[in-house]
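Order of listing sets the numbers, starting from 1, for every ligand and every atom in it. Start at 1 with the first residue, then count along the sequence.
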Amino acid sequence: MQLHLSTWPEVEAYLAKSRAILIPIGSTEQHGPNGLLGTDALCPEIIGKRAGDEAGILVGPTFNVGQAQHHMAFTGTITYRPSTMIAAMLDWAQSLTHHGFERIYWLNGHGGNIQTITAAFSEMYHGITFSKGEGAGANHQPLRCMLRNWWELAGVNDVCRQLFPVGEGHHATPSEVSVTYYGYPEAQKKVEMHPKIAPLGPIYDAADYRRRFPDGRIGSDPSQASVEAGEKIVKAAVKAVISEFRHFAES
Ligand code: NI
């Protein structure tokens, strides 16, 4: 069940049964020569939507821009500054709590978002607690948030390692590209890559990133990506999301 494809009476009826919602959150940033700019937003969206369809979980709109400053030397990347992202997440959470939601499960697709998401949670707990007039340190939190990176879902890493024992790497991985190809087979790209496996190294600013990693990949060979691999990864991820979301909704 997707919020943007539902009517307000349908969401009102859902709230009578559950106070929990899943929000996919990611980034719009370069993902190498054959990875889509939307990869980090599409992965949690594809997994979240399937979990929603299978288990009747309400899935909100995708928060699809994140922390991508270090990818800005590659065309098409869009980034928030951290303060903008925190403010926007706070407004989403306040809107949802206004309607009665008390549990927000943020399914994340971008490692670079983690610190900012965590800071946004602190801001939410502070702001929402104060707006309810309960003061800092109140025992009752009307809102509880949870962050889960999709690649850390139970069982997912095992599937990825089996599929891609060599060339998984750190950015523009064959696993994440496979998930997007499964979701959007018509968007697959065939690109020759040199070297076959991209170099590894540290990340500093955007210009330095492009010097070290000229085609955008870090340590990966995403030419191995396939629809079939994506299907296996999504299947494992959906199973884990459903179980974890149910647990969280009842917490
Ligand atoms: Ni990514």
Side-chain angles (χ1 to χ4, degrees), residues 23-50 62-80 82 85 106-118 147-153 156-157 159-161 163-164 166-184 187-189 191 193 197-206 208-210 212-227 229-234 236-238 240-241:
I23 305 282
I25 185 166
S27 182
T28 299
E29 63 182 48
Q30 70 82 15
H31 268 74
N34 73 338
L36 311 179
L37 278 145
T39 297
D40 285 355
L42 292 170
C43 289
E45 182 176 279
I46 289 162
I47 295 162
K49 180 187 178 298
R50 277 164 180 75
T62 301
F63 194 104
N64 62 5
V65 171
Q67 301 298 297
Q69 191 280 332
H70 53 290
H71 293 293
M72 284 301 289
F74 295 90
T75 313
T77 300
I78 301 174
T79 190
Y80 275 137
M85 182 165 170
W106 302 81
L107 185 60
N108 179 42
H110 177 47
N113 281 348
I114 294 169
Q115 286 167 318
T116 307
I117 291 173
T118 307
L147 164 64
R148 173 59 68 209
N149 303 313
W150 71 261
W151 59 92
E152 287 173 347
L153 284 160
V156 168
N157 196 26
V159 174
C160 295
R161 263 201 312 243
L163 287 164
F164 307 113
V166 176
E168 172 72 355
H170 295 170
H171 183 69
T173 67
S175 293
E176 60 180 343
V177 174
S178 293
V179 170
T180 64
Y181 284 3
Y182 171 61
Y184 295 89
Q188 288 178 82
K189 326 281 175 195
V191 184
M193 294 187 204
I197 296 181
L200 286 163
I203 303 175
Y204 297 112
D205 64 11
D208 180 74
Y209 185 114
R210 185 150 182 172
R212 285 175 196 274
F213 314 109
D215 70 6
R217 299 174 291 148
I218 302 180
S220 66
D221 172 18
S223 68
Q224 303 175 86
S226 72
V227 172
E231 185 174 8
K232 289 187 179 126
I233 297 166
V234 169
V238 166
V241 164

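Note that CG of Asn149 and CG of Leu107 are 8.5 Å apart. Values are rounded to the nearest 0.5 Å.
If you look at Glu176 and ask which of its N, O or S atoms sits nearest the Ni ion (ligand 1), the answer is OE1. Of all N/O/S atoms in Asp40, OD1 sits nearest the Ni ion (ligand 1). The name of the N, O or S atom in His31 nearest to the Ni ion (ligand 1) is NE2.
In summary, Glu29 places no N/O/S atom under 2.8 Å from the Ni ion (ligand 1), failing the contact criterion. Taking 2.8 Å as the threshold, His110 does not count as a candidate ligand of the Ni ion (ligand 1), since none of its N, O or S atoms lies below it.
Relative ring orientation between Phe74 and Tyr209 is described as perpendicular, the plane-to-plane angle rising above 60° on a 0-90° scale split at 30° and 60°.
No donor-acceptor pair under 3.5 Å is formed between the side chain of Ser27 and the backbone N or O of Gln67. Here the side chain of Asn34 pairs a donor or acceptor atom with the backbone of Pro222 at under 3.5 angstrom.
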Item to check | Working for side chain to side chain contact (heavy atoms under 4.5 Å, CB included), residues Arg212 and Ile203 | outcome: CA-CA 9 Å; Arg212 285 175 196 274; Ile203 303 175; over 6 Å; no
